[in-house]
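Counting starts at 1 for both ligands and their atoms, in listed order.
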Amino acid sequence: MTMESPLAIEVVTLFPEVVRTALGMGVIGRALERGLVRVGTEDPRAHTHDVHRSVDDRPYGGGPGMVMTVEPLATAIAAAAARLPAGSPRIYVSAQGRRFDQSAARRLAGLSGFLLLAGRYEGVDERLIAESIDEEWSIGDYVLSGGELAALVMIDATVRLLPGVLGDAESAVQESFAAEAGRLDWPHFTRPEVWRGRQVPAELMSGDHAAIRRWRLKQSLGRTFERRPDLLGTKQLNSEEQRLLDEYREERKL
Ligand code: 9WO
């Protein structure tokens with residue numbers, strides 16, 4: 001049996017233990033055990049030479065906080081990049097980056113490797129970005145204490161798309177299709193059939209697979225219209241989708 005070479009990911013972080021621990025659980029942990037992906041870490045502190053092992057310094061121009069200095073970061077990035085296939089993009093996760101979404105995850109899953117730099121303090125010296133970074137990505141418009149959680153989000157979204165990572169039961173195909181099409185998920189139900197007087201929708205109990213598919217599509221479109229109309233904005237609906245959305249709006253007087 002030939003084995004595809006695993007996706008290679010490197011994370012440059014002052015908290016390698018946080019990253020490794022978080023990736024040990026669940027679906028991603030299993031993918032690591034099964035050799036479908038490998039994640040390495042590189043700690044800039046290991047690339048310092050002074051007694052205090054300092055990785056930060058005061059900002060030129062003044063002001064509060066500290067900035068990550070260039071040299072330990074540059075050598076840490078080079079050490080991590082040397083373990084990756086040639087051409088692997090070096091990505092800085094930062095609030096100033098392009099918004100990371102399902103199609104960005106899809107692209108990363110198609111690469112042979114990539115590097116993520118997680119910043120701390122007030123960020124990294126801009127010259128490090130110019131010299132050692134190829135792309136900058138954000139997971140959303142909020143400030144975090146560091147890039148580690150954002151890097152973990154990107155790794156999770158990416159790794160679950162790799163062939164063989166999800167079982168048939170949890171298959172990402174429908175979900176990622178919906179996410180890429182700009183649709184919200186439909187509502188889910190399990191036993192009991194009645195809970196605190198709340199019934200499971202009759203369509204889901206009907207055993208009529210065509211009716212179930214239509215109900216789910218209608219809910220997906222309807223909820224997207226109600227909660228995230230921006231996602232529907234540019235999409236052209238086919239005639240069935242348009243009819244189902246019209247029905248949903250009619251039923252709820254929207
Ligand atoms: C934003 C900002 C806006 C006005 C003034 C100061 C500001 N600092 C920041 C900021 O993002 N600081 C970073 C916080 C510095 C490096 C560590 N932090 C962080 C946030 N790392 N990564 C994120 C992040 C957020 C969303 N998506 C990816 C990464």
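- Per-atom contact check: atom 14 (C) of ligand 1 touches the protein, criterion being a heavy-atom distance below 4.0 Å.
- Under 4.0 angstrom from ligand 1, the non-hydrogen atoms of S94 all belong to its backbone.
- Proximity of S138 to ligand 1, defined as any heavy-atom pair under 4.0 Å, is shared by backbone and side chain alike.
- From the protein, the heavy atom lying nearest to atom 7 (C) of ligand 1 is V143 CG2, 4.9 Å.
- Counting only heavy atoms, the protein never gets under 4.0 Å from atom 5 (C) of ligand 1.
- Within a 6.0 Å radius of CD in E193, no more than 12 heavy atoms belonging to other residues, nucleotides or ligands are found.
- Nearest to atom 28 (C) of ligand 1 among the protein's heavy atoms is A150 CB, 3.4 Å.
- In terms of protein heavy-atom proximity, atom 11 (O) of ligand 1 is closest to A95 CB, 3.7 Å.
- Under a 4.0 Å N-O distance rule, the pair R216/E203 does not qualify as a salt bridge.
- Contact annotation for atom 26 (C) of ligand 1: protein present (non-hydrogen atoms, distance under 4.0 Å).
- In summary, the atoms of ligand 1 found under 4.0 Å from a heavy atom of G123, numbered by their order in the structure, are 15 (C), 16 (C).
- Shown in contact with E122 at under 4.0 Å from a heavy atom are these atoms of ligand 1, numbered in order with element: 15 (C).
- Near V93, with a cut-off below 4.0 Å to any heavy atom, the atoms of ligand 1 are 22 (N), 29 (C).
- When the shell of 6.0 Å around CZ of R58 is examined, it contains 12 or fewer heavy atoms from other residues, nucleotides or ligands.
- Salt bridge status for E251 with K218: present, with a side-chain N to carboxylate O gap under 4.0 Å.
- The residues R30 and E33 are annotated as not salt-bridged, no charged nitrogen and carboxylate oxygen being separated by less than 4.0 angstrom.
- Surrounding NE2 of H188 are more than 12 heavy atoms belonging to other residues, nucleotides or ligands, all under 6.0 Å away.
- Under 4.0 angstrom from ligand 1, the non-hydrogen atoms of Y121 all belong to its backbone.
- We find that R99 and D141 are joined by a salt bridge, their nearest charged nitrogen and carboxylate oxygen being less than 4.0 Å apart.
- Inside a 4.0 Å radius of atom 17 (C) of ligand 1 there is at least one protein heavy atom.
- Electrostatic pairing of D125 and R127 counts as a salt bridge here, judged by a charged N lying under 4.0 Å from a carboxylate O.
- Among all protein heavy atoms, the one lying closest to atom 20 (C) of ligand 1 is L144 N, 3.7 Å.
- At a heavy-atom cutoff of 4.0 Å, ligand 1 is contacted by both the backbone and the side chain of I139.
- A cation-pi arrangement is present between R252 and Y248, with the terminal nitrogen or guanidinium carbon under 6.0 Å from the aromatic centre and inside a 45° cone about the axis.
- Salt bridge R214/E247: absent, no basic N to carboxylate O contact under 4.0 Å.
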Problem - R20/V39 under side chain to side chain contact (heavy atoms under 4.5 Å, CB included): CA gap, chis, key distance, verdict - result: CA-CA 8 Å; R20 280 198 292 266; V39 179; over 6 Å; no

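- Distance screen at 4.0 Å: atom 1 (C) of ligand 1 has a protein heavy-atom neighbour inside the cut-off.
- The distance from ligand 1 to the heavy atoms of G147 drops below 4.0 Å at these ligand atoms: 21 (N), 22 (N).
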